[in-house]
Number of protein chains: 2
Amino acid sequence: MQVSEHRRGPVRSEAARVAILEATARLFETRGYDQLTMEGIAAEAHVGKQTIYRWWPSKSAVVADCMVEGLLLREYMSPPDTGDLRADLTVWIGGILNFLDGGGASLVRSLVAAAIDRPSIGERLGEALGINHLLNARLESAVDVGQFSPTRPTQPFSRALVGAIVLLALAGEPAEPETAAQLVDAVLG
Amino acid sequence: MQVSEHRRGPVRSEAARVAILEATARLFETRGYDQLTMEGIAAEAHVGKQTIYRWWPSKSAVVADCMVEGLLLREYMSPPDTGDLRADLTVWIGGILNFLDGGGASLVRSLVAAAIDRPSIGERLGEALGINHLLNARLESAVDVGQFSPTRPTQPFSRALVGAIVLLALAGEPAEPETAAQLVDAVLG
DNA sequence: CATACGAGACGGACCGTCTCGTCTTTCTGT
DNA sequence: ACAGAAAGACGAGACGGTCCGTCTCGTATG
(Lines give C-alpha, C1' and ligand atoms only; values in the text may rest on other atoms or scores of the structure.)
Protein backbone atom coordinates (compact mmCIF):
# COMPACT_ATOMS: atom_id res chain seq x y z
CA MET A 1 0.00 0.00 0.00
CA GLN A 2 1.92 2.93 -1.31
CA VAL A 3 1.05 5.83 0.94
CA SER A 4 2.56 9.19 0.09
CA GLU A 5 4.23 10.67 3.12
CA HIS A 6 4.16 14.13 1.58
CA ARG A 7 1.43 16.53 0.72
CA ARG A 8 1.47 17.75 -2.83
CA GLY A 9 3.61 20.73 -3.71
CA PRO A 10 7.16 21.74 -2.87
CA VAL A 11 8.74 20.74 0.44
CA ARG A 12 10.32 22.99 3.00
CA SER A 13 13.38 24.72 1.59
CA GLU A 14 16.49 23.64 3.48
CA ALA A 15 18.37 26.54 1.92
CA ALA A 16 15.89 29.02 3.42
CA ARG A 17 16.00 27.32 6.81
CA VAL A 18 19.80 27.41 6.96
CA ALA A 19 19.94 30.96 5.64
CA ILE A 20 17.53 32.12 8.35
CA LEU A 21 19.43 30.41 11.16
CA GLU A 22 22.80 31.66 9.94
CA ALA A 23 21.50 35.18 9.47
CA THR A 24 20.01 35.06 12.95
CA ALA A 25 23.28 33.88 14.50
CA ARG A 26 25.19 36.53 12.56
CA LEU A 27 22.91 39.37 13.64
CA PHE A 28 22.59 38.00 17.16
CA GLU A 29 26.33 38.06 17.76
CA THR A 30 26.82 41.52 16.28
CA ARG A 31 23.66 43.31 17.41
CA GLY A 32 22.38 41.40 20.42
CA TYR A 33 18.96 39.99 21.10
CA ASP A 34 16.89 43.14 21.46
CA GLN A 35 18.37 44.67 18.31
CA LEU A 36 17.40 41.47 16.52
CA THR A 37 14.21 41.91 14.51
CA MET A 38 12.22 39.56 12.33
CA GLU A 39 12.41 42.06 9.50
CA GLY A 40 16.17 42.29 9.95
CA ILE A 41 16.54 38.51 9.84
CA ALA A 42 14.40 38.28 6.72
CA ALA A 43 16.44 40.95 4.98
CA GLU A 44 19.78 39.49 6.06
CA ALA A 45 18.72 36.02 4.93
CA HIS A 46 17.09 37.30 1.71
CA VAL A 47 13.89 35.62 2.74
CA GLY A 48 10.29 36.69 3.04
CA LYS A 49 9.03 37.34 6.56
CA GLN A 50 6.27 34.85 6.00
CA THR A 51 8.85 32.12 5.48
CA ILE A 52 10.10 32.74 9.01
CA TYR A 53 6.63 32.93 10.53
CA ARG A 54 5.63 29.78 8.64
CA TRP A 55 8.14 27.69 10.60
CA TRP A 56 8.90 29.59 13.82
CA PRO A 57 6.35 31.24 16.12
CA SER A 58 8.69 33.90 17.49
CA LYS A 59 12.12 35.45 17.43
CA SER A 60 13.20 33.49 20.48
CA ALA A 61 12.21 30.22 18.81
CA VAL A 62 14.59 31.02 15.99
CA VAL A 63 17.34 31.78 18.50
CA ALA A 64 16.58 28.52 20.26
CA ASP A 65 17.08 26.59 17.04
CA CYS A 66 20.34 28.45 16.49
CA MET A 67 21.58 27.03 19.78
CA VAL A 68 20.32 23.55 19.00
CA GLU A 69 22.20 23.69 15.71
CA GLY A 70 25.33 24.76 17.58
CA LEU A 71 25.57 28.10 15.81
CA LEU A 72 25.99 29.98 19.11
CA LEU A 73 28.66 29.75 21.81
CA ARG A 74 29.69 26.05 21.66
CA GLU A 75 33.13 27.03 23.03
CA TYR A 76 33.46 27.61 26.77
CA MET A 77 31.14 24.68 27.36
CA SER A 78 33.56 21.88 28.13
CA PRO A 79 35.57 21.95 31.37
CA PRO A 80 39.02 20.34 31.12
CA ASP A 81 39.83 17.08 32.91
CA THR A 82 43.40 16.88 34.17
CA GLY A 83 42.43 14.88 37.23
CA ASP A 84 42.41 17.93 39.54
CA LEU A 85 38.80 19.04 39.88
CA ARG A 86 39.51 22.27 41.70
CA ALA A 87 42.13 23.37 39.17
CA ASP A 88 40.01 22.32 36.22
CA LEU A 89 36.96 24.22 37.39
CA THR A 90 39.05 27.30 38.16
CA VAL A 91 40.61 27.31 34.71
CA TRP A 92 37.29 26.65 33.03
CA ILE A 93 35.46 29.40 34.89
CA GLY A 94 38.40 31.74 34.41
CA GLY A 95 38.13 31.28 30.67
CA ILE A 96 34.41 31.97 30.75
CA LEU A 97 34.93 35.12 32.80
CA ASN A 98 37.50 36.35 30.30
CA PHE A 99 35.01 35.71 27.55
CA LEU A 100 32.37 37.66 29.48
CA ASP A 101 34.68 40.63 29.97
CA GLY A 102 35.55 40.56 26.30
CA GLY A 103 32.03 41.36 25.22
CA GLY A 104 30.52 37.96 25.86
CA ALA A 105 28.45 39.25 28.75
CA SER A 106 26.03 41.00 26.44
CA LEU A 107 25.69 37.83 24.40
CA VAL A 108 24.86 35.87 27.55
CA ARG A 109 22.42 38.57 28.60
CA SER A 110 20.77 38.23 25.22
CA LEU A 111 20.55 34.46 25.57
CA VAL A 112 18.95 34.83 28.98
CA ALA A 113 16.53 37.32 27.50
CA ALA A 114 15.65 34.74 24.87
CA ALA A 115 15.23 32.14 27.59
CA ILE A 116 12.86 34.45 29.45
CA ASP A 117 10.84 35.12 26.35
CA ARG A 118 10.41 31.42 25.77
CA PRO A 119 11.04 29.09 28.72
CA SER A 120 11.78 26.15 26.43
CA ILE A 121 14.91 27.98 25.39
CA GLY A 122 15.95 27.93 29.01
CA GLU A 123 15.94 24.15 29.03
CA ARG A 124 17.72 24.00 25.69
CA LEU A 125 20.19 26.58 26.99
CA GLY A 126 20.93 24.43 29.97
CA GLU A 127 21.21 21.24 27.97
CA ALA A 128 23.00 22.70 24.98
CA LEU A 129 25.44 24.61 27.14
CA GLY A 130 26.31 21.52 29.07
CA ILE A 131 24.88 22.31 32.47
CA ASN A 132 23.80 18.74 32.63
CA HIS A 133 26.01 16.95 30.20
CA LEU A 134 29.61 18.15 30.16
CA LEU A 135 29.91 19.69 33.60
CA ASN A 136 28.06 16.81 35.20
CA ALA A 137 30.35 14.38 33.41
CA ARG A 138 33.36 16.19 34.83
CA LEU A 139 31.86 15.99 38.31
CA GLU A 140 31.09 12.28 37.98
CA SER A 141 34.68 11.75 36.94
CA ALA A 142 35.77 13.61 40.08
CA VAL A 143 33.57 11.35 42.20
CA ASP A 144 35.39 8.32 40.85
CA VAL A 145 38.72 9.80 41.94
CA GLY A 146 37.38 10.75 45.35
CA GLN A 147 37.58 14.49 44.71
CA PHE A 148 33.85 15.05 44.95
CA SER A 149 31.58 13.54 47.54
CA PRO A 150 29.05 11.06 46.15
CA THR A 151 26.51 12.55 48.58
CA ARG A 152 26.54 15.83 46.69
CA PRO A 153 24.05 15.78 43.79
CA THR A 154 25.93 16.88 40.70
CA GLN A 155 23.04 18.41 38.83
CA PRO A 156 22.12 21.01 41.46
CA PHE A 157 25.82 21.68 41.91
CA SER A 158 26.18 22.41 38.22
CA ARG A 159 23.12 24.61 38.36
CA ALA A 160 24.64 26.65 41.17
CA LEU A 161 27.92 27.06 39.35
CA VAL A 162 26.31 28.08 36.07
CA GLY A 163 23.85 30.26 37.96
CA ALA A 164 26.69 32.17 39.58
CA ILE A 165 28.27 32.71 36.19
CA VAL A 166 24.99 33.93 34.74
CA LEU A 167 24.57 36.39 37.61
CA LEU A 168 28.09 37.66 37.01
CA ALA A 169 27.21 38.17 33.35
CA LEU A 170 24.00 39.99 34.31
CA ALA A 171 25.81 42.22 36.79
CA GLY A 172 28.11 43.34 34.02
CA GLU A 173 30.94 44.21 36.39
CA PRO A 174 34.37 43.17 35.12
CA ALA A 175 35.54 40.09 36.98
CA GLU A 176 38.56 40.31 39.27
CA PRO A 177 41.41 37.87 38.56
CA GLU A 178 40.61 35.95 41.73
CA THR A 179 36.88 35.68 41.05
CA ALA A 180 37.10 32.23 39.46
CA ALA A 181 39.15 30.76 42.30
CA GLN A 182 36.89 32.35 44.92
CA LEU A 183 33.80 30.92 43.28
CA VAL A 184 35.32 27.47 43.16
CA ASP A 185 36.42 27.76 46.79
CA ALA A 186 32.95 28.90 47.76
CA VAL A 187 31.09 25.99 46.20
CA LEU A 188 33.65 23.22 46.60
CA GLY A 189 34.35 24.09 50.25
CA MET B 1 25.96 85.66 49.88
CA GLN B 2 22.52 84.13 49.63
CA VAL B 3 22.77 81.35 47.08
CA SER B 4 19.49 79.75 46.16
CA GLU B 5 19.60 75.98 46.23
CA HIS B 6 16.58 75.74 43.96
CA ARG B 7 15.94 76.69 40.41
CA ARG B 8 12.96 78.88 39.89
CA GLY B 9 9.63 77.27 39.31
CA PRO B 10 7.79 74.42 40.96
CA VAL B 11 9.60 71.43 42.41
CA ARG B 12 9.19 67.79 41.47
CA SER B 13 5.77 66.47 42.40
CA GLU B 14 6.07 63.76 45.03
CA ALA B 15 2.48 62.75 44.33
CA ALA B 16 3.31 62.08 40.67
CA ARG B 17 6.47 60.17 41.58
CA VAL B 18 4.64 57.91 44.03
CA ALA B 19 1.70 57.44 41.67
CA ILE B 20 4.04 56.34 38.88
CA LEU B 21 5.93 53.86 41.07
CA GLU B 22 2.76 52.40 42.55
CA ALA B 23 1.12 52.12 39.15
CA THR B 24 4.24 50.42 37.83
CA ALA B 25 4.34 47.92 40.69
CA ARG B 26 0.62 47.25 40.26
CA LEU B 27 0.86 46.64 36.52
CA PHE B 28 4.14 44.77 36.88
CA GLU B 29 2.67 42.22 39.26
CA THR B 30 -0.50 41.68 37.26
CA ARG B 31 0.80 41.96 33.68
CA GLY B 32 4.50 41.18 33.85
CA TYR B 33 7.44 43.11 32.51
CA ASP B 34 6.91 42.80 28.78
CA GLN B 35 3.24 43.70 29.01
CA LEU B 36 4.29 46.79 30.94
CA THR B 37 4.30 49.88 28.71
CA MET B 38 5.15 53.50 29.37
CA GLU B 39 1.78 54.52 28.02
CA GLY B 40 0.09 52.01 30.29
CA ILE B 41 1.94 53.32 33.34
CA ALA B 42 1.06 56.90 32.46
CA ALA B 43 -2.61 56.04 32.07
CA GLU B 44 -2.73 53.94 35.25
CA ALA B 45 -1.01 56.70 37.23
CA HIS B 46 -3.09 59.48 35.60
CA VAL B 47 0.12 61.15 34.57
CA GLY B 48 1.54 62.55 31.34
CA LYS B 49 4.10 60.39 29.59
CA GLN B 50 6.51 63.31 29.64
CA THR B 51 6.42 63.30 33.44
CA ILE B 52 7.80 59.77 33.37
CA TYR B 53 10.41 60.50 30.74
CA ARG B 54 11.42 63.64 32.61
CA TRP B 55 12.67 61.60 35.58
CA TRP B 56 13.37 58.10 34.27
CA PRO B 57 15.22 57.19 31.09
CA SER B 58 13.48 53.85 30.53
CA LYS B 59 10.88 51.39 31.71
CA SER B 60 13.48 49.31 33.50
CA ALA B 61 14.70 52.34 35.43
CA VAL B 62 11.19 52.77 36.80
CA VAL B 63 11.09 49.11 37.77
CA ALA B 64 14.48 49.50 39.42
CA ASP B 65 13.16 52.32 41.58
CA CYS B 66 10.15 50.19 42.46
CA MET B 67 12.52 47.64 43.92
CA VAL B 68 14.58 50.26 45.72
CA GLU B 69 11.39 51.59 47.29
CA GLY B 70 10.51 48.06 48.38
CA LEU B 71 7.35 47.89 46.30
CA LEU B 72 8.32 44.51 44.84
CA LEU B 73 9.01 41.14 46.47
CA ARG B 74 10.54 42.09 49.86
CA GLU B 75 9.30 38.79 51.33
CA TYR B 76 11.34 35.65 50.69
CA MET B 77 14.53 37.64 51.17
CA SER B 78 15.47 36.82 54.73
CA PRO B 79 16.71 33.31 55.60
CA PRO B 80 15.84 32.17 59.12
CA ASP B 81 18.51 31.69 61.79
CA THR B 82 17.81 28.85 64.16
CA GLY B 83 21.47 27.95 64.55
CA ASP B 84 21.31 25.11 62.02
CA LEU B 85 22.61 26.45 58.72
CA ARG B 86 21.65 23.45 56.62
CA ALA B 87 18.10 23.37 57.93
CA ASP B 88 17.71 27.14 57.66
CA LEU B 89 18.86 27.27 54.05
CA THR B 90 16.65 24.31 53.14
CA VAL B 91 13.58 25.93 54.67
CA TRP B 92 14.37 29.29 53.12
CA ILE B 93 14.94 27.89 49.63
CA GLY B 94 11.90 25.67 49.98
CA GLY B 95 9.77 28.73 50.64
CA ILE B 96 11.18 30.49 47.62
CA LEU B 97 10.52 27.47 45.39
CA ASN B 98 6.94 27.36 46.60
CA PHE B 99 6.61 31.02 45.74
CA LEU B 100 8.05 30.35 42.29
CA ASP B 101 5.61 27.51 41.65
CA GLY B 102 2.76 29.72 42.79
CA GLY B 103 3.24 32.17 39.96
CA GLY B 104 6.31 33.89 41.31
CA ALA B 105 8.51 32.47 38.58
CA SER B 106 7.10 34.81 35.97
CA LEU B 107 7.67 37.74 38.30
CA VAL B 108 11.29 36.70 38.75
CA ARG B 109 11.64 36.24 35.01
CA SER B 110 10.34 39.76 34.55
CA LEU B 111 12.79 41.11 37.10
CA VAL B 112 15.66 39.36 35.34
CA ALA B 113 14.44 40.81 32.07
CA ALA B 114 14.53 44.24 33.67
CA ALA B 115 18.03 43.51 34.96
CA ILE B 116 19.13 42.57 31.45
CA ASP B 117 17.67 45.72 30.00
CA ARG B 118 19.57 47.81 32.54
CA PRO B 119 22.53 46.17 34.28
CA SER B 120 22.32 48.56 37.23
CA ILE B 121 19.06 46.84 38.10
CA GLY B 122 21.03 43.65 38.40
CA GLU B 123 23.15 45.13 41.15
CA ARG B 124 20.12 46.62 42.86
CA LEU B 125 18.35 43.29 42.48
CA GLY B 126 21.20 41.58 44.22
CA GLU B 127 21.53 44.15 46.94
CA ALA B 128 17.85 44.79 47.48
CA LEU B 129 17.02 41.09 47.45
CA GLY B 130 19.67 40.37 50.02
CA ILE B 131 22.21 38.38 48.03
CA ASN B 132 24.87 40.29 49.81
CA HIS B 133 23.24 41.51 52.94
CA LEU B 134 20.86 39.03 54.49
CA LEU B 135 22.19 35.78 53.11
CA ASN B 136 25.77 36.80 53.75
CA ALA B 137 24.87 37.75 57.29
CA ARG B 138 23.38 34.31 57.80
CA LEU B 139 26.54 32.71 56.48
CA GLU B 140 28.79 34.84 58.68
CA SER B 141 26.68 33.77 61.61
CA ALA B 142 27.26 30.16 60.57
CA VAL B 143 31.01 30.75 60.41
CA ASP B 144 30.95 31.90 64.04
CA VAL B 145 29.29 28.65 65.09
CA GLY B 146 31.68 26.55 63.03
CA GLN B 147 29.01 25.42 60.55
CA PHE B 148 30.63 27.16 57.58
CA SER B 149 34.32 27.13 56.79
CA PRO B 150 35.98 30.55 57.04
CA THR B 151 37.96 29.65 53.93
CA ARG B 152 34.80 29.72 51.84
CA PRO B 153 34.07 33.23 50.60
CA THR B 154 30.45 33.97 51.51
CA GLN B 155 29.70 36.38 48.68
CA PRO B 156 30.43 33.97 45.82
CA PHE B 157 28.61 31.27 47.77
CA SER B 158 25.54 33.49 47.98
CA ARG B 159 25.82 34.24 44.32
CA ALA B 160 25.87 30.55 43.47
CA LEU B 161 22.84 29.84 45.65
CA VAL B 162 20.81 32.72 44.25
CA GLY B 163 22.01 31.90 40.75
CA ALA B 164 20.70 28.36 41.08
CA ILE B 165 17.34 29.72 42.21
CA VAL B 166 17.22 32.14 39.30
CA LEU B 167 17.97 29.34 36.85
CA LEU B 168 15.17 27.29 38.40
CA ALA B 169 12.83 30.24 37.93
CA LEU B 170 13.94 30.64 34.32
CA ALA B 171 13.51 26.94 33.59
CA GLY B 172 9.91 27.21 34.71
CA GLU B 173 9.68 23.56 35.66
CA PRO B 174 7.79 22.93 38.89
CA ALA B 175 10.23 22.13 41.67
CA GLU B 176 10.22 18.68 43.26
CA PRO B 177 9.79 18.52 47.03
CA GLU B 178 13.41 17.44 47.44
CA THR B 179 14.88 20.16 45.21
CA ALA B 180 15.65 22.53 48.07
CA ALA B 181 17.43 19.90 50.12
CA GLN B 182 19.37 18.65 47.10
CA LEU B 183 20.54 22.14 46.27
CA VAL B 184 21.69 22.73 49.83
CA ASP B 185 23.47 19.36 49.87
CA ALA B 186 25.13 20.17 46.57
CA VAL B 187 26.59 23.50 47.63
CA LEU B 188 27.23 22.84 51.32
CA GLY B 189 28.88 19.47 50.67
C1' DC C 1 -2.53 21.65 -8.77
C1' DA C 2 -1.22 22.19 -4.11
C1' DT C 3 2.07 24.49 -1.66
C1' DA C 4 6.62 26.84 -0.44
C1' DC C 5 8.92 30.63 -1.89
C1' DG C 6 10.60 36.13 -2.20
C1' DA C 7 8.75 40.47 -1.80
C1' DG C 8 6.35 43.77 0.31
C1' DA C 9 1.81 46.30 1.58
C1' DC C 10 -0.99 46.86 5.55
C1' DG C 11 -3.00 48.06 10.21
C1' DG C 12 -1.77 48.03 14.89
C1' DA C 13 1.07 48.70 19.19
C1' DC C 14 4.34 51.11 21.46
C1' DC C 15 8.17 54.16 21.48
C1' DG C 16 10.29 58.70 22.54
C1' DT C 17 9.81 63.64 21.31
C1' DC C 18 7.21 67.66 21.00
C1' DT C 19 3.81 71.00 21.86
C1' DC C 20 -0.09 72.79 24.00
C1' DG C 21 -2.43 75.32 28.15
C1' DT C 22 -2.37 75.31 33.27
C1' DC C 23 -0.50 75.70 37.73
C1' DT C 24 3.09 76.40 41.28
C1' DT C 25 7.23 78.38 43.05
C1' DT C 26 10.88 81.83 43.20
C1' DC C 27 12.99 86.10 41.70
C1' DT C 28 12.67 91.07 40.59
C1' DG C 29 11.08 95.83 40.62
C1' DT C 30 8.71 99.25 42.75
C1' DA D 1 5.42 94.46 51.22
C1' DC D 2 3.45 93.06 47.29
C1' DA D 3 2.44 92.58 42.30
C1' DG D 4 3.90 90.54 38.48
C1' DA D 5 7.35 88.31 35.58
C1' DA D 6 10.19 84.20 34.81
C1' DA D 7 10.94 79.43 34.94
C1' DG D 8 9.74 75.06 35.10
C1' DA D 9 6.70 70.93 36.41
C1' DC D 10 2.36 69.26 35.38
C1' DG D 11 -1.77 66.44 32.50
C1' DA D 12 -3.01 65.53 28.04
C1' DG D 13 -2.25 63.99 23.78
C1' DA D 14 -0.57 64.63 18.67
C1' DC D 15 3.16 63.05 15.89
C1' DG D 16 6.52 60.29 13.12
C1' DG D 17 9.11 56.18 13.51
C1' DT D 18 10.05 51.19 14.23
C1' DC D 19 8.74 46.68 14.50
C1' DC D 20 5.15 43.39 14.78
C1' DG D 21 2.28 39.69 12.67
C1' DT D 22 -1.02 38.96 8.85
C1' DC D 23 -2.20 39.12 4.23
C1' DT D 24 -1.76 39.01 -0.64
C1' DC D 25 0.64 39.12 -4.76
C1' DG D 26 3.21 36.52 -8.65
C1' DT D 27 6.69 32.76 -9.23
C1' DA D 28 8.80 28.27 -8.68
C1' DT D 29 8.68 23.47 -7.48
C1' DG D 30 7.20 18.81 -6.71
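Here the structure is a predicted model, which is why all the values come from computation and not from measurement.
Comparing the helix axis at one end of the helix from dC1(C)-dG30(D) to dT30(C)-dA1(D) with that at the other, each defined from 5 consecutive pairs, gives an inter-axis angle of 10° (nearest 10°).
Taking only side-chain atoms of Glu39(A), from C-beta outward, the nucleotide of dC20(D), dA4(C), dG11(D) with the closest atom is dC20(D). Out of dC14(C), dA7(D), dA28(D), the shortest distance to the side chain of Thr37(B) is found at dC14(C). Here the side chain of Met38(A) is nearest to one of dC10(D), dT26(C), dG21(D), namely dG21(D). In the set dA2(C), dG16(C), dC5(C), dA2(C) carries the atom at the smallest distance from any side-chain atom of Pro10(A).
The phosphate of dG8(D) has neither OP1 nor OP2 within less than 4.0 Å of any side-chain N or O from Trp55(B). Taking 4.0 angstrom as the limit, Trp56(B) places none of its side-chain polar atoms (N or O) nearer than this to OP1 or OP2 of dG16(C). Between Thr51(B) and dG11(D) there is a side-chain polar atom (N or O) within less than 4.0 angstrom of OP1 or OP2.
Residue Glu14(A) contributes atom CD, which lies 14 Å from atom P of dG30(D) at whole-angstrom precision. Spacing between atom CZ of Arg8(B) and atom P of dG4(D) amounts to 16 Å, rounded to whole angstrom units. Rounded to whole Å, the distance from CD1 on Ile52(A) to P on dC5(C) is 11 Å. Going from atom OH of Tyr53(B) over to atom C1' of dT19(C) covers 16 Å, rounded to whole Å. Counting to the nearest Å, the P atom of dG6(C) and the CZ atom of Arg12(A) are 11 Å from each other. As a whole-Å value, the separation of Arg54(B) CZ from dT19(C) C1' is 12 Å. Distance CD1 (Ile41(B)) to P (dA13(C)): 18 Å, rounded to an integer number of Å. Rounding to whole angstrom units, CD of residue Gln35(A) and P of dC19(D) are separated by 8 Å.
Residue-to-nucleotide contacts include a donor-acceptor pair under 3.5 Å from the side chain of Gln50(A) to the base of dC23(D). At a cut-off of 3.5 angstrom, the base of dG16(C) holds at least one donor-acceptor pair with the side chain of Lys49(B).
Looking at every heavy atom in both residues, Val47(B) comes nearest to Ala16(B) through CG2-CB, 4.4 Å. Here the shortest heavy-atom pairing between Arg138(A) and Asp84(A) reads NH2-C, 3.6 Å. Annotation for Tyr33(B) and Ala113(B): closest pair CD2-CB, 3.9 Å, computed over non-hydrogen atoms. For Ile41(A) against Ala23(A), the heavy-atom pair with the smallest separation is O-CB, 4.1 Å.
Residues Leu134(B) and Ile93(B) fall within the same hydrophobic cluster, defined by Ile, Leu, Val, Met, Phe, Trp and Tyr side chains chained together at heavy-atom separations under 4.5 Å.
Using a 4.0 Å cut-off between a side-chain N of Lys or Arg and a carboxylate O of Asp or Glu, Arg31(A) and Glu44(A) do not qualify as a salt bridge.
Nearest-nucleotide positions on DNA chain D place Gly9(B) closer to the 5' end than the other of Gly9(B) and Val47(B).
A cation-pi contact, defined as under 6.0 Å to the ring centre and within 45° of the axis, is absent between Arg17(B) and Trp55(B).
Considering only heavy atoms from C-beta on, Thr24(A) stays 4.5 Å or farther from Asp65(A) through its side chain.
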